[in-house]
Number of protein chains: 2
Amino acid sequence: MSPAKNAEILKKSLIFSSLNEDELSALAGLAAERSFQPDEFILWEGDEPDYFYVVAEGQVKVVKNSSTGREFIIAFFGPGEMFGEVAVFEGKPYPASAQATSACRILAIKRQSFLDFLATRPQVALRIINILGGRLRDAQGRLKDFAGERVEQRLARILLMLASRMGTTLRFTRQELADMAGTTTETAIRVTGGLSERGIIITSRGQIIIADEAKLKALAEGPPEI
Amino acid sequence: MSPAKNAEILKKSLIFSSLNEDELSALAGLAAERSFQPDEFILWEGDEPDYFYVVAEGQVKVVKNSSTGREFIIAFFGPGEMFGEVAVFEGKPYPASAQATSACRILAIKRQSFLDFLATRPQVALRIINILGGRLRDAQGRLKDFAGERVEQRLARILLMLASRMGTTLRFTRQELADMAGTTTETAIRVTGGLSERGIIITSRGQIIIADEAKLKALAEGPPEI
DNA sequence: CGCCTATTTGAAAACCGTCAAAGTATGTGG
DNA sequence: CCACATACTTTGACGGTTTTCAAATAGGCG
């Protein structure tokens, strides 16, 4: 892929949209493109943070494994979104693994090149602060959910969050939903089964369609009032 | 309190230690000092993000309330640490409330003044990226714990985290621990009681001393292997 | 068709929350 | 200095939610 094409991709991302043509070219020159097959790992938790990544095409999931072997999905990222950044900024090993969920093209920028680039672009730094702030807000909100809410509410909120990012047709398996909600596949099936019976969602293999977003929101807010 | 004293406080914080005397004075000039009594609220979840805050003296807790009325403690902050920053950067309402846990002196900087200051100081922006990155790493780690680990492990990890920041003598009530671990006071008491019987910690009213950090770490890693 | 993965269902058990009651430190005011 | 209020800690019993284990069904692809 040409550097010009890379610049196109970077321009579309939230982080770099403020850059002018020259800056985009400079950054694109630093980026190497890599391709990954579905289920292939892009980086592993514990690896040295040598690269900063931006998704060009496809979808990536960021996961951590618990001591009991269960997988926890921190987030999905699509075109224009960055990942692996926390480790790059801190210079510590990646805190989670990243795995392609579809055929992917990924832009990789060497850690030090990116930090140097950033040191002279306060606007980009501010943009990154914004994105990190948003992710932190999100993580702390989820933390509260995990601490205090039932599985049904957690799943409802996750479905709503996914819907706000990807529309009402969600191509995820129950197992992926379970791994996002911090529960088991069986429980996720039982809960989505309940939602399906109540006409709130329509389920099929590997896919969930949100049929009644209003009811789902009511459910996410709290337990059905008596 | 004099601006010079404010500059002293700011200098000691991680975020601003890279500033020179002039810059510190400029920033200190923007800061207003406020005092709070124990249990007094500094800001409320949902408020407009008018100020960015730095703790000068005392301790602050940041909390969210769940739909069932339970309190969840996101973090404690001490001298030199900032809070309310996510809202300030995003321009959205504070995502959580902040409450003094002891008599506090707090520096408050107007949102726009701080953003203007930041726009011309890339070094400070990078420092903030670092801090946000650290907090994000922390939040995502806790998220995984909440999703996959038992209460005993969650509590063990919280005790270790607190110990790494404050030493082995922890002045927190069981209820505060429960609110950090996302459990109930009773369960927190039962679990700490168990740890106490095994000689891993020493408990007394409003205080926990970590007696055997190695055992606590083993416990935090996973359930006791058979 | 056959295989692999995803979904489904059932039953038992574990973990933890809830409710209730009582005991114990700490500080306050008389 | 004592009585009292308050907050923190402790204990027990019970029940509900969720996990675990096991087995069966069904969709999609070569």
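All chains are named by letter (A, B, ...) in the order of the sequence lines, taking the proteins before the strands, and each is independently numbered beginning at 1.
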Undergrad: Just jot down the ring-ring contact (aromatic ring centres under 6.0 Å, His included) partners of B:F76, sequence neighbours excluded, or say none.
TA: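 Residues passing ring-ring contact (aromatic ring centres under 6.0 Å, His included) with B:F76: B:F172.
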Undergrad: I'd like to know if the side chain of B:Q59 pairs up with that of B:T101 as donor and acceptor (distance under 3.5 Å, no hydrogens or angles considered).
TA: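 Short answer, yes.
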Undergrad: With the threshold set at 4.0 Å, does a side-chain nitrogen-carboxylate oxygen contact exist between A:E71 and A:K61?
TA: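 So A:E71 pairs with A:K61 through a salt bridge.
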Undergrad: Report for the helix from C:dC1-D:dG30 to C:dG30-D:dC1: angle between first-end and last-end helix axes, five pairs each, rounded to 10 degrees.
TA: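 One end's axis against the other's: 30°.
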Undergrad: When we call it a touch if two heavy atoms are under 4.0 Å apart, what does B:G193 touch: a base, just sugar-phosphate, or nothing?
TA: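 Touches nothing.
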Undergrad: Please state how far atom CZ in B:F172 lies from atom C1' in D:dT9, giving the value in whole angstrom units.
TA: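 My rounded result for the distance is 18 Å.
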Undergrad: Round to the nearest Å and state the distance from B:E149 atom CD to C:dC16 atom C1'.
TA: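 Rounding to the nearest Å, CD of B:E149 and C1' of C:dC16 are 16 Å apart.
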Undergrad: Measure CD/B:Q207 against P/C:dA25 and give the value in whole Å, please.
TA: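 Atom CD in B:Q207 sits about 14 Å away from atom P in C:dA25.
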Undergrad: Classify the side chain of B:E186 and the base of C:dC19 as holding, or not holding, a donor-acceptor pair under 3.5 Å.
TA: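 Yes, the side chain and the base share a sub-3.5 Å donor-acceptor pair.
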Undergrad: Using a heavy-atom cut-off of under 4.0 Å over every strand shown, decide if A:R70 touches base, sugar-phosphate, or nothing.
TA: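 Sugar-phosphate contact only.
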Undergrad: If each of A:R190 and A:R205 is mapped to the nucleotide of DNA chain C with the nearest heavy atom, which maps nearer the 5' terminus, i.e. the 5' end?
TA: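 Result: A:R205.
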Undergrad: Write out all pairs satisfying salt bridge (Lys or Arg N to Asp or Glu O under 4.0 Å) with one or both partners inside residues 163-176 of chain B, taking only residues at least two apart or from two chains.
TA: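 Residue pairs passing salt bridge (Lys or Arg N to Asp or Glu O under 4.0 Å), neighbours aside: B:E81-B:R165.
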